[in-house]
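What follows is a set of notes on a single structure, which appears directly below.
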There are 2 protein chains.
Amino acid sequence: MELTERKKRILRIIVEDYIATAEPVGSKAISAKLELSSATIRNEMADLEELGYLEKPHTSAGRVPSPRGYRLYVNELMEEQRLSLEETRQINQALHTKMQELDRVIDQAGKMVSQLTNYPAFALTGGTGRVVVSRFDLILVDNNSFIAVIMTDSRQVRNKLFRLPNDLTVEQLQMLTTLLNTAFTGKTLEELTPELMRVAEHAAGSSYGLISIVVSFAMECLEDLENRSVYTAGASHLLEHPEYQDVGKAQKLMSYLADAPKLSSLPIPAMGEDNTRILIGPENVAEELKDTSVVLASYDIGDGMKGVIGVVGPTRMDYARVAAKLSCVAEGLSHLFGQELPPAGQDKTTDDGSGGNA
Amino acid sequence: MELTERKKRILRIIVEDYIATAEPVGSKAISAKLELSSATIRNEMADLEELGYLEKPHTSAGRVPSPRGYRLYVNELMEEQRLSLEETRQINQALHTKMQELDRVIDQAGKMVSQLTNYPAFALTGGTGRVVVSRFDLILVDNNSFIAVIMTDSRQVRNKLFRLPNDLTVEQLQMLTTLLNTAFTGKTLEELTPELMRVAEHAAGSSYGLISIVVSFAMECLEDLENRSVYTAGASHLLEHPEYQDVGKAQKLMSYLADAPKLSSLPIPAMGEDNTRILIGPENVAEELKDTSVVLASYDIGDGMKGVIGVVGPTRMDYARVAAKLSCVAEGLSHLFGQELPPAGQDKTTDDGSGGNA
DNA sequence: TTTAGCACTCATTATCCCTGAGTGCTAACG
DNA sequence: CGTTAGCACTCAGGGATAATGAGTGCTAAA
């Protein structure tokens with residue numbers, strides 16, 4: 001059954017008032033904004049309550065939106081907030097300044113979102129499933145150290161500097177590289193067995209166990225990349241909001257946020273328009289989130305993989321503002337990963353118009 | 001003036017009792033542990049209070065150690081806690097499993113310390129001062145992408161994958177590598193001027209601005225490495241302790257911990273024995289830490305550089321336990337960075353005794 | 001020097017009461 | 001029939017008051 005236009009207007013006022021003030025809103029406040037007496041409003045509010053859109057903290061307080069009320073607000077009543085051009089520009093610039101490795105960027109983005117919204121934020125990377133090494137490169141640094149660079153099929157690159165007790169020649173290293181690339185690329189974590197290593201080690205001859213060392217490193221990287229990684233930021237923002245003045249509540253949520261494995265196993269729901277999704281209170285599956293809201297946005301990592309960035313807060317959350325900012329950041333991230341050349345170079349060296357790149 | 005042996009014993013009991021219970025400790029509780037009447041204890045406590053080692057929250061509560069009391073306890077009364085072999089083993093193993101890049105290890109170590117102690121922890125890396133690139137390597141991945149690997153004089157390695165709109169040949173890349181290594185190694189951040197890039201760009205001919213792109217990346221890395229980086233973990237542990245049941249207090253400290261720039265500019269005092277240092281309440285210079293204690297331990301990063309790892313908590317902190325664990329972790333870190341070959345390889349592939357490495 | 005005893009202090013907790021914001025209901029009004 | 005004024009009712013929040021009890025300082029005796 002559809003609500004009357006007037007009921008919707010009232011609901012909307014209640015939600016927005018409550019979001020702004022965190023105080024239950026009473027009939028008088030609304031009658032002031034609408035040209036109706038408080039008694040009329042009370043009747044309407046009673047209806048809205050019966051329909052499950054409003055709740056009373058207690059008999060003699062005003063009304064507060066129920067999760068269902070927020071849901072209706074988010075679905076129908078909320079005006080999509082447009083960020084000013086200035087704001088989007090700032091966000092994108094902040095993203096672009098650091099063109100580091102993927103995970104650093106994501107971490108940074110999480111911090112940014114938290115700062116932007118004043119809520120705790122978290123960011124998850126793809127959760128790739130199976131990853132394999134697509135190439136090994138070994139770079140000789142000096143007689144007894146070298147850098148191993150590995151790249152995966154998902155185009156992530158990791159490196160590590162190794163020091164050795166013995167001398168090492170370019171030839172040895174080249175031989176090793178070839179061996180690694182023939183025997184260990186394209187193999188999943190499980191396929192990289194100790195046997196395989198032993199065989200290769202044998203084939204390499206007197207290489208002091210270098211194969212195992214590099215492959216072990218690769219395995220760690222694979223493990224790292226196969227699992228979603230989690231970054232959280234700004235947990236302390238929780239305490240700014242009146243609903244978390246109760247230390248017990250705050251702590252419960254904060255420990256949940258600090259628990260990376262739990263967070264990373266968060267089931268990711270399908271995104272709506274704008275690539276965002278809003279989960280209100282009990283709509284969350286995780287027990288710890290039952291009376292908080294989560295706003296999510298997904299971003300493209302490339303290769304069809306997706307990551308998620310999200311904000312956690314009380315159900316009384318400024319959904320419009322948060323969703324807008326989150327969406328902007330997520331879009332910025334997708335753009336960042338999707339493009340050919342990072343544009344930071346343009347920023348810093350515009351004085352000479354050498355390259356004709358997109 | 002030296003305290004009598006008995007006064008010291010009383011002070012020690014008070015400190016340890018208070019650390020354990022967070023309740024002011026009264027004369028009766030002590031008289032039970034010592035063979036003295038409560039009245040005698042009261043007299044002694046009155047003395048200790050006059051000397052500034054104890055405080056009363058109010059007239060009719062027990063006594064609480066003052067910062068000065070904690071200091072005496074830490075300096076003279078506290079028994080250095082030895083971790084069990086099992087514990088040290090666990091800590092070292094946990095550190096060794098992840099033999100990733102330096103900053104990941106440090107981050108991990110911070111998390112570990114927090115978990116070990118149930119207090120928030122933070123970790124700072126060296127804060128190197130001037131860093132320069134010691135070598136560039138470019139690895140051709142396919143026609144239109146390559147990996148740039150840069151290594152600094154402080155032996156840190158960073159990498160990034162670049163995609164290009166145009167094709168690229170091995171020769172071009174080799175040429176670029178040489179050019180980068182001749183013109184841009186050994187230069188500080190300030191010396192890597194746009195002019196220098198323009199000149200090199202010109203020398204390289206039609207390379208689509210690749211020089212600037214790689215050098216820009218290098219500059220970002222340098223900037224990153226020159227500044228101390230900060231990692232914090234386990235802020236939510238704060239809320240577990242009764243002294244932070246007051247949300248205002250908790251929030252003040254948590255925001256301080258979340259403020260990376262502030263934390264990284266924390267002046268690092270000289271370390272004592274065990275490479276640890278305890279700062280009690282007002283001994284801290286930072287205003288925000290005036291009524292919290294900080295336990296620090298320093299670790300060697302190599303090349304004579306040092307990092308710091310620390311724990312933050314109320315002055316009522318289990319100094320012995322925290323210092324012991326922190327020291328163990330810091331030692332583990334130094335060891336990890338100092339040694340020739342990471343021992344993780346041994347762990348996973350002991351089945352064949354191929355290499356003769358330390 | 002130690003101890004028993006006693007008067008005193010004061011945070012904590014419970015109880016009570018008042019106030020005021022807000023409600024539901026009813027009856028009158030247009 | 002929808003709207004409104006009026007009125008009795010509810011209940012959280014805040015202040016005042018009192019009882020409780022843990023702990024103290026001081027004094028006088030052992």
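Labels below follow one simple rule: chain letters A, B, ... track the order of the sequence lines, proteins then strands, and each chain is numbered from 1.
In this structure, B:E35 places its CD atom where only 12 or fewer heavy-atom neighbours from other residues, nucleotides or ligands lie under 6.0 Å away. More than 12 non-hydrogen atoms from other residues, nucleotides or ligands lie less than 6.0 angstrom from CD of A:Q90. The environment of NZ in A:K28 is sparse: at most 12 heavy-atom neighbours from other residues, nucleotides or ligands sit within 6.0 Å. Counting heavy-atom neighbours within 6.0 Å of B:Q115 CD, excluding the residue itself, gives a total of 12 or less. Atom NZ of B:K252 is surrounded by 12 or fewer heavy atoms from other residues, nucleotides or ligands within 6.0 Å.
One interatomic measurement links the two molecules: CG of B:D47 to P of D:dC26, which rounds to 11 Å at whole-angstrom precision. Atom pair A:E23:CD and C:dG20:C1' shows a separation of 14 Å (rounding to whole Å applied). For the pair A:L54 CG and C:dG24 C1', the interatomic distance rounds to 15 Å; values are reported in whole Å. The separation between A:I41 atom CD1 and C:dG24 atom C1' is 15 Å, rounded to whole Å. Per the geometry, CD1 belonging to B:I10 stands 14 Å off C1' belonging to C:dT1, to the nearest Å. Separating the CG atom of B:L48 from the C1' atom of D:dG23 is a distance of 17 Å, rounded to the nearest angstrom.
The side chain of A:E49 approaches C:dG24 more closely than any other nucleotide in the set D:dT24, C:dG24, C:dT23.
Regarding contacts with the backbone of C:dT9, every side-chain N or O of B:K56 stays at 4.0 angstrom or more from both OP1 and OP2.
Remark: B:F122 pairs with no residue by the ring-ring contact (aromatic ring centres under 6.0 Å, His included) rule, at least two apart or across chains.
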| query | With the sugar-phosphate defined as primed atoms, P, OP1 and OP2, and the base as all remaining atoms, what B/S/- string results for nucleotides 1-16 of chain D, 5' to 3', for protein heavy atoms under 4.0 Å? | reply | --SBBB---BBS----
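Within 4.0 Å (heavy atoms only), B:K28 reaches no atom of the nucleic acid at all.
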